[in-house]
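Numbered from 1 within each chain, the chains take letters A, B, ... in sequence-line order.
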There are 2 protein chains.
Amino acid sequence: MTQEPSGGLDGLGSAQRAYQLIRSSIIEGRYRAGQRLIEGRIGEEFSLSRTPVREALRLLEAEGLVLSIRNRGAIVRPVSPKEVIDLYELRARLESLGAERAATRATDAGIAELDAAIAAFDAAIPATDHIELTENRILSQANSRFHDAVIEMADHARLSQLMARTVDIPLVFQAFRVFTREERVRSNVFHRLIRDALEHGEAARAGALMSEHILMGRDSLVARLDEAQVKDALFLGASGEASSG
Amino acid sequence: MTQEPSGGLDGLGSAQRAYQLIRSSIIEGRYRAGQRLIEGRIGEEFSLSRTPVREALRLLEAEGLVLSIRNRGAIVRPVSPKEVIDLYELRARLESLGAERAATRATDAGIAELDAAIAAFDAAIPATDHIELTENRILSQANSRFHDAVIEMADHARLSQLMARTVDIPLVFQAFRVFTREERVRSNVFHRLIRDALEHGEAARAGALMSEHILMGRDSLVARLDEAQVKDALFLGASGEASSG
DNA sequence: AGTTCCCCAATAGTATACAATATGAGCCAT
DNA sequence: ATGGCTCATATTGTATACTATTGGGGAACT
């Protein structure tokens, strides 16, 4: 129930399945920062042998979600506040590049997809600041839909790969949990502004808006990094060893 | 001696060794674009079992050097001219960010390292346009030393990882082969300009210079993409299937 | 001759077995 | 009591064995 028994990922190899399962467990916080990821145990948990689990862990390590030390195993990579800030700065640059390129390559279909994503985002904004896991998933998904569509229009294979695989994601997912309703609304305002800039082929504006959009998200998140709860929710490196007792 | 029998990579795991060996084989062109990378064969070649080879291939896939299709195996990823251009644009942005950050974080030790790299680069420039593999290695190494030092000063862990692992490298290595002597000299002129901007903390200039430096490299490379030999040397996607007959 | 189908060889995907390494507990000496 | 040593155990690293998938070649048929 809280698990995803084949959440649409049948027909995949065991390794892919392991990858998706572990990944979502990390992103959504079921595996906490610093927690050890023991190949054998995870294998049991998902009824797989160590081989595909190991492969998945290595991929996640390349993505930066997992930290592993030779002969000692892997843990969920803790993220420091500095790293959050740096990651958002990086993401701002990358997506800004994506937006600039998208502006000169915009298609009707692409703009339509942006509109759809914007509508979905609007529909997914709850009335309150507090947000449930399910609501967060939907909101986060609508947000991804928008950003993915922009990157798609940028027509830059490696940039897409980088955005999808290398730059955060867990941060983005968790970010929406701590945003206020106002901040969520503001996010979509910027989505609309970016959309318009893209439609009119205004590359510089699109890039600047995207950058601003992301840095605003960063600031909202950073403003809440002091709250202990938030730290925990975002897996900031309180850990090392989680004193389980 | 064209092989690297343990080129300083003893004391590493088999997987690491496999990774380094395959990687350098791709970067230096011993494995050509489109060539199949069969786990078993590579295992034999390096006296390893399939397991670590497989792990290495997966890492290289994440890096973008290898393309693999489920149940069909891996090949050396061919690179199209468009991709070369896009990759350089991406690299320009990333390194530009690195330079901007480095400007506000410069240390004496870091500047000293830049000076050392610049001196090494000067020393490595041959008198002629033509360049031997060994000379290219040394030149490329000096160049990496400079760029690594800048990124190091940027103090951005993920950015470092991205530069090291995700953005090209094979392109950079091959680029020096097709540069003229004049272009190599010009490269180091920009290295000096960047160094000075960093020393004086001028972030915007450092970023702009770095961007220009990389885009100039791109243009030099692109200008030679038509020559059939060069295409081959850079592994551009002539392939797919090399019509051997 | 061309086309289809089936079977086989090659290869990737996964599981298991074995080897190497690291950590912690308990013991001994001081 | 404390510090260091040894060994047991848990876990990773690597090799091998087994299974599944794919692509190609040849036989049979049209």
Measuring from the side chain of [X] (C-beta onward, heavy atoms only), which nucleotide among [options] has the closest atom?
X      : options                   : value
R50(B) : dA17(C), dC18(D), dG23(D) : dC18(D)
E39(A) : dA15(D), dG13(D), dA15(C) : dG13(D)
R72(B) : dT11(C), dG23(D), dA12(C) : dG23(D)

CD1 of I42(A) to CG of L37(A), rounded to nearest 0.5 Å, is 4.5 Å
To the nearest 0.5 angstrom, please state how far the CD1 atom of I85(A) sits from the CG atom of L221(A).
9.0 Å
Using a heavy-atom cut-off of under 4.0 Å over every strand shown, decide if T51(A) touches base, sugar-phosphate, or nothing.
base
Please report, rounded to the nearest Å, how far the [atom2] atom of [N] is from the [atom1] atom of [X].
X      : N       : atom1 : atom2 : answer
N71(B) : dA12(C) : CG    : P     : 10 Å
I75(B) : dG23(D) : CD1   : P     : 13 Å
I38(A) : dT9(D)  : CD1   : C1'   : 13 Å
E44(B) : dT11(C) : CD    : C1'   : 13 Å

Do Q161(A) and H156(A) have side chains that approach each other closer than 4.5 Å (heavy atoms only, starting at C-beta)?
no
Per nearest nucleotide of DNA chain C, the residue lying toward the 5' end, R70(A) or L37(B), is L37(B)
Most 5' of R36(B) and S14(A) on DNA chain C, judged by nearest nucleotide
R36(B)
Can E132(B) and R137(B) be counted as an ion pair, charged N to O under 4.0 angstrom?
no
So does R54(A) get a side-chain nitrogen or oxygen closer than 4.0 Å to the phosphate oxygens (OP1/OP2) of dG13(D)?
yes
S49(A) side chain near dT14(C) phosphate (N/O to OP1/OP2, under 4.0 Å)
no
